[in-house]
There are 2 protein chains.
Amino acid sequence: MERQRERGFKLTPQRLAILEYLDGNRDHPAAEDIYHNVKKSFPTMSLATVYNTLEALKRRGEVVELTIDPERRHYDPNTEPHHHLICLRCKKIVDVHKEFRINIPPAQRQGFRITGNHIEFYGVCPECTRKGGVEMAVFKCESCGATKEGRCKPKKCPKCGETGTMSKQG
Amino acid sequence: MERQRERGFKLTPQRLAILEYLDGNRDHPAAEDIYHNVKKSFPTMSLATVYNTLEALKRRGEVVELTIDPERRHYDPNTEPHHHLICLRCKKIVDVHKEFRINIPPAQRQGFRITGNHIEFYGVCPECTRKGGVEMAVFKCESCGATKEGRCKPKKCPKCGETGTMSKQG
DNA sequence: ATAGCAGATAAGAATGGTTCTTGTCAAGAA
DNA sequence: TTCTTGACAAGAACCATTCTTATCTGCTAT
């Protein structure tokens, strides 16, 4: 990811913190995820700044907005064209780094000038497949103590929004 | 589309009106679109009823929810697996009725059990291509009088929400 | 330097699509 | 009839996102 002060994009400490969190991140975080994580090392960070920065990065093509999840938008710092695998159980999103040569015949093209495509593969991730049947577990947040029932460990606490703090309860 | 009273789904007049509006509709309407149009012939219709009905139809697999547009959810009464063409200018969504044989190699599958896929083709629709350059026009709603500037005729009035009421202003 | 400008920030209000709540009502069962 | 169930309308609540406002900071030209 470019980190230069150029074309009216000022690299402020806040933006740098967001860029650093995003850099190499493969979790497709939502704005709130970014906010909560960057806030740890930058307590005065505002959610509006996260949105502003994401908007600027989007315009500069340094981040891609994913509209896979109807609840919230997710952001992908990986801007090379790629596709996504979506777990229908735990809603996890993972990248697919393979080019598929899909040529849509002119008859189906309906006059459109096609410039790109994106494939969403739906399925069940290995973790959820393993927990296969109806097996349920309770997960507790180490940070705020909230609990949640589910088949897979939630990436993010549904209460306090922290990521990576949920662990399986005996 | 099935129109039978079965498995706890009561075919009330409201639901019938929604089903009739949806049946054969190729415009991928949002909940608000359905609400405004059904309201014409059913003035007491509530937006909550539209959402309830869409939820019920979704659970019964009679309608598919599209999360292509980050602004609002769109509903497609065409439940056969198909793909979509999206105009990046006017945000129009049209169906692509062709099966693409995409087999994702096990190395890329990352342990997922794949059950389906959906391809979004991005491009520019024929209407927007025609208006190619920077040409802009003003469109006025015949219903509420609101005006909007743009390259293509908006399907829906941004103010009153009626569809098909926008026409080009001299 | 100093003033002035442009863009960034924090805080919180506003927006708007979706969901929830409440009270009412109609249809079918007992 | 009375009970139960589900649907309805109206509006409140919710929550992700956007907007507004008032600072604040770092440039630039005077």
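In what follows, chains carry the letters A, B, and so on, assigned in the order in which the sequence lines appear, proteins first and then strands, with residues in each chain numbered from 1. All values below come from the heavy atoms of this structure, side chains included, with hydrogens, waters and symmetry mates left out. A quick note: this is a predicted structure, and the numbers were derived from the prediction, not measured.
- Along DNA chain D, the nucleotide closest to A:Asn52 and the one closest to B:Thr44 are compared, and the more 5′ of them pairs with B:Thr44.
- Rounded to the nearest 0.5 Å, atoms OG1 (B:Thr53) and CD (B:Gln14) are 8.0 Å apart.
- In terms of phosphate contacts, B:Arg15 brings a side-chain nitrogen or oxygen within less than 4.0 Å of OP1 or OP2 of D:dA7.
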Donor-acceptor pairs are to be reported for all side-chain atoms of residues 110-117 of chain B against protein atoms at under 3.5 Å, with residues two or more places apart or in another chain.
unit_1   : atom_1 : unit_2   : atom_2 : d
B:Gln110 : NE2    : A:Asp95  : O      : 2.8
B:Gln110 : NE2    : B:Gln108 : O      : 3.3
B:Thr115 : OG1    : A:Tyr122 : O      : 3.2

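- Taking only side-chain atoms of A:Met45, from C-beta outward, the nucleotide of D:dA7, C:dA10, C:dG17 with the closest atom is C:dA10.
- Of the candidate nucleotides D:dG6, C:dT9, D:dG11, D:dG11 has the atom nearest to the side chain of B:Ala48.
- One distance of note links CD1 of B:Ile93 with CD1 of B:Ile68; it measures 4.5 Å at 0.5 Å rounding.
- Among the heavy atoms of the strands, none lies under 4.0 Å from B:Glu55.
- Note on B:Thr49: a side-chain N or O is less than 4.0 Å away from OP1 or OP2 of D:dA9.
- Atom P of nucleotide C:dA8 and atom CG of A:Leu57 are separated by 11 Å, given to the nearest angstrom.
- Remark: P of C:dG17 and CG of B:Asp33 are 10 Å apart, rounded to the nearest angstrom.
- The CD-P distance, from B:Glu32 to C:dG17, rounds to 6 Å in whole Å.
- Regarding contacts with the backbone of D:dT18, every side-chain N or O of A:Tyr51 stays at 4.0 angstrom or more from both OP1 and OP2.
- In this structure, the separation between CD1 on B:Ile119 and CD1 on A:Ile104 is 8.5 Å, given to the nearest 0.5 Å.
- In this structure, B:Ile18 places its CD1 atom 13 Å from C1' of D:dA9, rounding to the nearest Å.
- Nearest nucleotide to the side chain of B:Arg72, out of D:dC8, C:dA8, C:dT18: C:dT18.
- Atom CD in A:Glu71 sits about 11 Å away from atom P in D:dC15, given to the nearest Å.
- Taking atom CG of residue A:Asp69 and atom P of nucleotide C:dT18, one finds them 13 Å apart after rounding to whole Å.
- The side chain of A:Arg73 places no N or O atom within less than 4.0 Å of a non-bridging phosphate oxygen (OP1 or OP2) of D:dA16.
- One interatomic measurement links the two molecules: CZ of B:Phe9 to P of C:dA27, which rounds to 17 Å at whole-angstrom precision.
- For residues 70-92 of chain A, the pairs satisfying ring-ring contact (aromatic ring centres under 6.0 Å, His included) are A:His28-A:His84, A:His82-A:His84, A:His82-A:His97, A:His83-A:Phe100, A:His84-A:His118, with sequence neighbours left out.
- The CG-C1' distance, from A:Leu11 to D:dG26, rounds to 14 Å in whole Å.
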